[in-house]
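If you read the sequence from its start, that first residue is 1, and numbering goes on from there.
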Amino acid sequence: MRAVVLALTVALVVPEFALDKTYVYKYEALLLGGLPHEGLARAGIKVSSKVLLSAMTEHTFLMKLMDPLLHEYAGIWPKDPFVPATKLTSALAAQLQIPIKFEYANGVVGKVFAPAGVSPTVMNLHRGILNILQLNLKKTQNIYELQEAGVQGVCRTHYVINEDPKANHIIVTKSKDLSHCQEKIIKDIGLAYTERCAECTERVKSLIETATYNYIMKPAAAGVLIAEATVEEVHQFSPLNEIHGAAMMEAKQTLAFVEIEKTPVVPIKADYLARGSLQYEFATEILQTPIQLMKLSDAPAQIIEVLKHLVANNVAMVHDDAPLKFVQLIQLLRVATLENIEAIWAQFKDKPVYRRWLLDALPAVGTPVIVKLLKEKFLAGEFTIPEFIQALVVALQMVTADLETIQLTASLALHEKIATIPALREVVMLGYGSMIAKHCVAVPTCPAELLGPIHEIAAEAISKNDIPEITLALKVLGNAGHPASLKPIMKLLPGLRTAATSLPLRIQVDAILALRNIAKKEPKLVQPVALQLVLDRALHPEVRMVACIVLFETKPSVALISSLAGALKLETNMHVASFAYSHIKSLTRITAPDMAAVAGAANVAIKLMSRKLDRLSFRFSRALQLDFYYTPLMVGAAGSAYMINDAATILPRAVVAKARAYLAGAAADVLEIGVRTEGLQEALLQSPAADESVDRITKIKRTLRALANWKALPTNQPLASAYIKLFGQEVAFVNVDKTVIEEAIPIVTGPKPRELLKAALKALQEGIALQYAKPLLMAEVRRILPTAIGVPMELSLYTAAVAVASVNVQATITPPLPEEIETMTLEQLKKTDVQLQAEARPSIALQTFAVMGVNTALIQAAVMARGTIRTITPGKVAARADILKGNYKMEALPVEVPEHIADVSFETLAVVRNIEEPTAERIVPLVPELAVQNAQTPADYSSSEIPDQAALRSATPFHKTLCLAVPYIEIKGCIEVHSHNAAFIRDDPLFYIIGQHSARASVARAEGPAVERLELEVQVGPRAAERLLKQISLIDEETPEGKAFLLKLREILETEDKNVRVSSESSSSSSRIISSSSSSSMSSSRMTETATVMEPFRKFHKDRYMAPHGASKAVSSGSTASSFEKIQKQAMFLGNAVPPVFAVIARAVRVDHKLLGYQLAAYFDKQNARVQLVVSSIAENDNLKICADGAVLSKHKVTVSQGCLGSRVPTVCKAANNCHHLRQKVMLSKHIPMAAFKAGFRLERVSNADKEIELTAALPSQRSLNVIARIPEMTLSRMDIPLPIAVPINPDGTLSIQIDEDILSWIQKHIKEE
């Protein structure tokens, strides 16, 4: 019976507004942003008013606001009160009180009408009220779900209708899931090239949006009367993960019935224009940055004022507010007209400093007006080609991609002047493709006709076999990534079209790569094409490997990857097999959520493939993917690298590297760089160097000869090419061919460089003073979405930086340069003594803003995170070049430094400001100092929290200063850190971030003797010995002193060896005492294995130092060792026989004249073609020496050994019979980090020497490395670490470097000819 009564009641639920009555309601709306915790600051607005509703006809109504009042809020919630925005209310009162018309039938709001005098912002406030009246009530159901239109779009809405018989009320509850909308009103800026990572937000989310509507309805004569309506809407956002705390925008509305009046609402005498529907209408907030509010009175005058401020205050040093002023300049340019900007350009184009600032600001504006301006000014000859390219690259990426701008860019690409400049045309064409990609993100139904001009260019180029044009067209189609381009691209794919097989290999590769962006949108279309290419053995291996890259970017299923793995079992090309296997294997370790399914499929597929492929060397093609993803914070990074070779590889055919980032449920391919050497490869393969029957040395010689004979290389194809992609869009590429080389050589070797050198010398003599400033808008990412009350909220990130450098250079040249500097000869230049003094003061200011809150042209109320970085690093150097005497000196001189050379700060604030009082903004720290001082003690925390963790949280601000003095040069560096946060509220990452944090670095003179300067001096020639500050002496092994040193070293090593054995026995004994019999056996086995690993290292030292001195020499390692030892026996230290050929001295010059620093002396024994380098300390009591000794033993072999006797730390490089070793002992203040264990090192718990780290590295072969690290409490070891290249080490520990005498002769001859 009750169900029948409820059904009858529901049938009457239709809101009623009678024709002859005016319904008066009290309305209040509140929008607050901040963290959902009391005691922290929030920012927001409040609107209150009377609402009058009156019916004009059955389905047409009038709504009027009476006594509207706006309030603003920035304070500590909830104790601080709202403040009336009196001036703003007065300014808007006339607009707010204009009645509007709207259609209303069966509880559904239709079209809305208002006079032209009602601004979009005020119109949206009316929509917020009408949104409450939107009720899709069904007569036969009391619980149901539908997609309902509202202010935010058409979103999923759930209805529940109940009755309260006692109160005679009907209660309607409506809830909206704003994350699931058929048509969502939203505006994204700067996110076009990001991908939504749906898998990243399945378990955790960064943005949650929901709204709940509650209605109390009373029965009326012909329906029901809305007695009261309340709305609560929440937008919760965190860049990390909402579980760990999130900022929140909370909207509340109340509409309460007051009375019924007889006086009707009368429309004003004006035309009521159609103003759309209930859905939100974007106003000027798109052009309004949320970080500052400006009252636009005279845009051109304001632009000039800001421009002059930037120029005047960023000369010698960057101004603190320069980044914010630069953003302000961009904002003003966005609202200026084309005529305004043209006038400003005409005024300042001939002033270099102003011109540079404008050229940096205009491309960042991002409006179609700027693209039009750039086009007109370039065609008028007012831009240089470099200026235009730089501006256009940025402008095409920043501009709003609407149909007007796309057509403008197309006309620019086809312009005859652009067509005559290949580099410029490439920039425009690539930008055209990127613009189509951005447009299709905003408009998913973007028409294929947009690509018509590119398809026509491609078809014409194919018919003419115009390879460069085909390449460019493919890159444009790749940037656009439109599925309609799949058919034109497939015409160029080998194996699928017979005509494509006749095209050059690079075209086939480019065609496959053009599928990558299409694969992200339509993976099912690309997968069969890519798989067919991978499995077609008739194709070139590079084509198949590139297709493999594309295939895995489509995120294939387990069945598809397994099919590929099965087919590769019979693969005959080892490069393809190696590439596919390494790619699949690297995918098994991927942790990013969007690749989780692929990783699982790869783990299945890898079991189907042969493990032998895992042992292939690095000369085979490989793919590598590494990533890191931390789910609790929703952040991650991934890197991919591909190296493509083939069977006849001399150089890699292609190398590609890509970086990818994950943040807050989004992903983006940040950077990709690729290099191909196809043309050069083919040229080398046609040379004798490609003969696989010859040895490696002969192959290298022939390769060098082929490169030297570059004039014989083909002209019709590039020798190499490279490209760079940013956020998945190719922004630049270059082809290097014979023509480029021919044009470059005259530029480098012709008379122009000499003229430039002479001009530079003359300018230096006269003195150079430069001031340069470079601004950059590094990031502008915005998401604007409406709230229930009709006011937009915004999530945004802005980062801007300005770098300023002032440089002063003065040169003294003796003898002075001749008047006619062009007549100066090379001989005169050699006799010139040049003294140079330069001082530079580079400084950088960076500001970044993260904002969540209200952003309109009338009022802004938001919570903001503001970070700033400011650095000043002055430097002063003096240099002298006395070419005749062969003396070259550089000095670092004392310079005046500011109080702080680096200043970093981060703070979170609540901010409110309105346009009528722009200077009266209120800024409140999100975490006030008082809240920190009165923070909870550890005992106040809930039992769910760990007491130890609570105790770690500081209830007072953290402040600390750390200082470190650099020894010898007496410079002290200090870092001052200040921080306080909200971790006392909740132990989560977000609460550690919010608050105020700062760090400042300073550099000052420390206590002790002052340092006058730092010197680096090079002396070449016979005077080198005179410049050495300390006599060099080495201990000869054959002398009594040398033998005594060896005996002492022998005692040290014997003691150490004994300690190792005792430690091993002690460890085994301990294991047996503590463990059971089985564990004891395991411990013994492990210690035996450790001893086996250590044995070659100990044996090496016994053979070298612990055996009788003569016996170690008797064992010959080969003719090379014997020959080199004979040469060394003639003179262990060349300085006793010949003077140094050059010397290098690096030292600190102090006022007490104490010697501090190092010197390097190089000796050359011409008779034996032997070189010896000795580095030694010049300090009085420091005997450290590092030596390198080498000799040319034959026409093709150079042998090098290292090691000095008598050094403070012995460093030795020799060899045993079975492996080659390098051992070095160093004393460090810290232990090796445990990260070494994660890197694959084996761990053994032993008691090693206290406070000592011993690192032993051995080369058991030319392509592998063994490492053992002994630290006080453990020994870490890792064996057979593969090396990417072969180390040319001989069995005796010497290094062999092959030299081709013919190549050296050719180089010398070529230099003489030039």
With a 3.5 Å distance limit and no angle check, can you tell me whether [X] reaches the backbone of [Y] through a side-chain donor-acceptor pair?
| X | Y | value |
| --- | --- | --- |
| Asn340 | Pro300 | no |
| Gln288 | Gln292 | yes |
| Thr848 | Tyr798 | yes |
| Thr409 | Thr405 | yes |
| Thr384 | Glu387 | yes |
| Lys521 | Gly481 | yes |
| Asp510 | Thr471 | no |
| Lys475 | Val731 | no |
| His439 | Pro444 | no |

Working for side-chain contact (heavy atoms from CB on, under 4.5 Å), residues Leu505 and Val543
CA-CA 8 Å; Leu505 179 62; Val543 170; 3.3 Å; yes
Looking at side-chain heavy atoms only, is the closest gap between [X] and [Y] below 4.5 Å?
| X | Y | result |
| --- | --- | --- |
| Phe326 | Ile330 | yes |
| Leu493 | Gln508 | no |
| Val802 | Lys325 | no |
| Leu671 | Ile673 | yes |
| Val327 | Ile291 | yes |
| Asp402 | Ile406 | no |
| Lys372 | Leu338 | yes |
| Phe388 | Leu424 | yes |

Evaluate the criterion side-chain contact (heavy atoms from CB on, under 4.5 Å) for residue pair Val546 and Leu513; output intermediate values, then yes/no.
CA-CA 7 Å; Val546 171; Leu513 291 176; 3.5 Å; yes
If you draw a 6.0 Å radius around CD in Glu376, do more than 12 non-hydrogen atoms from other residues or ligands fall strictly inside?
yes
Can you confirm whether Lys308 is buried at NZ, in the sense that more than 12 heavy atoms of other residues, nucleotides or ligands lie under 6.0 Å from that atom?
no
If you measure from the Lys or Arg side-chain nitrogens to the Asp or Glu carboxylate oxygens, is any gap between [X] and [Y] under 4.0 Å?
| X | Y | answer |
| --- | --- | --- |
| Arg355 | Glu382 | no |
| Lys464 | Glu460 | yes |
| Lys187 | Glu281 | no |
| Arg676 | Glu542 | yes |
| Asp594 | Lys555 | yes |
| Asp669 | Lys725 | no |
| Glu553 | Lys520 | no |

Steps toward side chain to side chain donor-acceptor pair (under 3.5 Å) verdict (Ser434, Gln729)
CA-CA 6 Å; Ser434 299; Gln729 296 293 302; 2.7 Å; yes
Whether the [X] and [Y] side chains hold a donor-acceptor pair (N or O, under 3.5 Å, no angle test) is what I'd like checked.
| X | Y | answer |
| --- | --- | --- |
| Thr554 | Lys524 | no |
| Asn855 | Gln860 | yes |
| Thr289 | Gln331 | yes |
| Arg356 | Tyr354 | no |

Just how far is it from atom [atom1] of [X] to atom [atom2] of [Y], taken to the nearest 0.5 Å?
| X | Y | atom1 | atom2 | result |
| --- | --- | --- | --- | --- |
| Glu342 | Gln347 | CD | CD | 14.0 Å |
| Leu333 | Ile303 | CG | CD1 | 4.5 Å |
| His482 | Asn517 | NE2 | CG | 12.5 Å |
| Ser485 | Asn479 | OG | CG | 11.0 Å |
| Phe733 | Ser721 | CZ | OG | 9.0 Å |
| Asp188 | Ile784 | CG | CD1 | 9.0 Å |

Residue from Ile370, Leu392, Leu408 passing side-chain contact (heavy atoms from CB on, under 4.5 Å) with Lys375
Leu408
With Val781 as partner, the option from Leu191, Thr194, Thr799 fulfilling side-chain contact (heavy atoms from CB on, under 4.5 Å) is Leu191
Please report the C-alpha distance between Glu285 and Arg334 in whole Å, then the side-chain angles of each, then the deciding distance to 0.1 Å, and finally whether the salt bridge (Lys or Arg N to Asp or Glu O under 4.0 Å) criterion is met.
CA-CA 12 Å; Glu285 59 267 22; Arg334 284 176 178 168; over 6 Å; no
Minimal non-hydrogen separation, [X] against [Y], with atom names:
| X | Y | result |
| --- | --- | --- |
| Ala862 | Val851 | CB-CG1, 3.6 Å |
| Ile489 | Ala511 | CG2-O, 3.2 Å |
| Ile418 | Ala413 | CG2-O, 4.5 Å |
| Ser640 | Gln625 | OG-NE2, 3.4 Å |
| Gly665 | Met634 | N-CE, 3.5 Å |
| Ala473 | Ala458 | CB-CB, 3.8 Å |

Is there a side-chain contact (heavy atoms from CB on, under 4.5 Å) between Ile457 and Leu414? Walk through the geometry before answering.
CA-CA 10 Å; Ile457 290 173; Leu414 299 175; 4.3 Å; yes
Apply side chain to side chain donor-acceptor pair (under 3.5 Å) to residues Tyr723 and Glu672 and explain how you reach the verdict.
CA-CA 8 Å; Tyr723 70 86; Glu672 180 178 327; 2.6 Å; yes
Please verify the inter-ring angle class for His309 with His319; under 30° counts as parallel, over 60° as perpendicular, anything in between as tilted.
perpendicular
Measure up the Phe383 and Trp345 rings against each other and bin them: parallel (under 30°), tilted (30 to 60°), perpendicular (over 60°).
perpendicular
